[in-house]
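Just so you know, these numbers come straight off a predicted model, no measurement behind them.
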Amino acid sequence: MRAMILVMDSVGIGGAPDAARYGDLGADTVGHIAEVCARGRSDGEQRSGPLHLPHLVNLGLGEACCLATGRRPPGLEGAVHPAAQFGCACEQSRGKDTPSGHWEIAGLPVTVDWGYFPRTVPCFPRELIAAFCEQARLPGILGNCHASGTEIIARLGSMQMTTGQPICYTSADSVFQIAAHEESFGLDRLYEICTVARRLVDPLNIGRVIARPFVGTPAEGFHRTANRRDYSVPPPQDTVLDLAEQADRDIVSIGKIADIFSHRATGLNKKAASNDALFDRTLEGCDQLRDGGLLFANFVDFDTVYGHRRDVIGYAAALEAFDRRLPELLTRLKPDDLLVITADHGCDPTWTGSDHTREQVPVLVVCGKEMPAIGRRSGFADVGATVGRHLELPPLLHGTPF
């Protein structure tokens with residue numbers, strides 16, 4: 001028996017019960033994208049017509065949306081395959097960030113509050129930046145504010161190259177992000193100063209320090225590269241990955257999974273620069289995964305390329321591209337394999353601002369075993385508990401297997 005978890009990063013399906021506390025009452029990533037497509041407002045070179053996700057619908061995406069919101073988004077009507085089960089899940093963790101969502105999917109809800117930086121300018125404590133510049137041997141920093149990553153490198157990229165000062169910024173997540181030119185500043189140098197920042201923000205309980213390298217010129221513009229690296233706090237308790245490692249199981253992690261779990265119990269890590277390339281790595285991992293093994297994949301483009309940039313058309317096209325590739329994976333599944341497709345939070349591209357949205361997530365399951373209905377789940381940790389039971393691992397401290 002093998003198990004695979006695919007996380008469609010930010011593909012939420014409707015506001016969580018506590019969405020109002022986060023300013024997200026009414027957010028619905030998939031639902032709002034589908035409505036825009038149904039009205040013909042996403043027609044263009046990338047795509048046209050109603051949102052077309054036949055394979056995800058066949059796995060129960062439309063029904064999962066209905067469980068979460070009481071309505072099926074337009075274009076997502078259709079029968080569910082007999083071998084599939086569907087449900088939706090609400091997050092128990094207090095944040096709506098990537099580590100909280102993934103840790104909870106792996107069976108470990110985050111029960112403490114992350115540290116966050118205020119929306120003031122400057123946003124970082126003076127003592128933190130003074131220590132950072134001294135210990136990282138920096139002449140200073142640029143930014144020091146809440147910002148969109150693409151916007152701030154467009155605005156400050158040229159100055160970063162001229163001054164040698166890295167661009168430091170944050171968001172609504174618990175994060176300290178550092179952007180610098182990959183060639184003029186140096187990729188290894190960027191990683192080096194990120195390790196310094198990671199140590200300094202630990203007392204503030206900041207979830208991640210993220211290296212955001214970019215390339216380009218002031219004349220032609222700048223763009224971020226695939227050499228992003230996340231420096232995360234390690235999970236405080238065992239996840240299903242730890243249990244799999246302790247049982248000497250095969251583990252394959254795709255994309256930024258290894259970074260999210262601080263490279264603990266993440267096995268063979270396969271990185272790639274786009275959803276399409278990540279799907280290629282997932283297929284490779286599936287082919288290599290031995291019996292009893294666990295594959296854990298993250299598809300980040302939904303979030304970083306389209307959700308945060310509020311690109312509805314691009315997000316719709318990315319969902320359809322992912323859907324078109326699903327049969328390549330489904331045909332590789334063995335009779336005893338368990339496949340779970342889910343998400344870690346929302347990032348509604350029709351919503352105000354550029355941050356994540358507090359939403360329920362789909363839980364779409366393919367399994368050779370007969371399963372009861374999944375229904376509405378009160379925590380993402382039920383995914384990790386189910387995967388652990390399928391792989392015959394010791395039970396986790398959190399989550400109820402479905």
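Sequence neighbours left out, the pairs with a member in residues 11-30 that pass salt bridge (Lys or Arg N to Asp or Glu O under 4.0 Å) are Asp18-Arg358, Asp24-Lys96, Asp28-Arg71. Judged as a side-chain hydrogen bond (donor to acceptor under 3.5 Å, both in side chains), the pairs with a partner in residues 153-163 (not counting sequence neighbours) are, in order, Glu151-Arg155. Sorted by first and then second residue, the ring-ring contact (aromatic ring centres under 6.0 Å, His included) pairs with a member in residues 56-97 form an empty list; sequence neighbours excluded. Listed by first and then second residue, the ring-ring contact (aromatic ring centres under 6.0 Å, His included) pairs involving residues 185-226 are His181-Phe214, Phe214-Phe222 (not counting sequence neighbours). Within the structure, ring-ring contact (aromatic ring centres under 6.0 Å, His included) pairs that include any residue of residues 3-62 do not occur (at least two apart or interchain). Within the structure, ring-ring contact (aromatic ring centres under 6.0 Å, His included) pairs that include any residue of residues 321-348 comprise Phe279-Phe322, Phe299-Phe322, Phe302-Phe322, His345-His356 (at least two apart or interchain).
With respect to Asp9 and Lys256, a salt bridge is recorded, a charged nitrogen being found less than 4.0 Å from a carboxylate O. By the 4.0 Å N-to-carboxylate-O rule, Arg325 lies close enough to Asp276 to be salt-bridged with it. Using a 4.0 Å cut-off between a side-chain N of Lys or Arg and a carboxylate O of Asp or Glu, Arg376 and Asp382 do not qualify as a salt bridge.
For Phe176 and Phe124, the distance between ring centers is under 6.0 angstrom.
Residues passing the side chain to side chain donor-acceptor pair (under 3.5 Å) test with Arg332, sequence neighbours excluded: Asp287. In this view, Phe296 and Phe261 satisfy the ring-ring contact (aromatic ring centres under 6.0 Å, His included) rule, not counting sequence neighbours. For Glu320, the salt bridge (Lys or Arg N to Asp or Glu O under 4.0 Å) partners are Arg47, not counting sequence neighbours. For Gln46, the side chain to side chain donor-acceptor pair (under 3.5 Å) test picks out no residue, with sequence neighbours left out.
By the 6.0 Å contact criterion, CZ on Arg264 is enclosed, its count of non-hydrogen atoms from other residues, nucleotides or ligands being greater than 12.
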Donor-acceptor list for residues 361-368 side chains, cut-off 3.5 Å, not counting sequence neighbours:
none

Result block: side-chain N/O donor-acceptor pairs under 3.5 angstrom for residues 389-399, not counting sequence neighbours:
unit_1, atom_1, unit_2, atom_2, d
His390, NE2, Arg2, O, 3.1
His390, NE2, Asp336, O, 2.9
His398, NE2, Gln237, OE1, 3.4

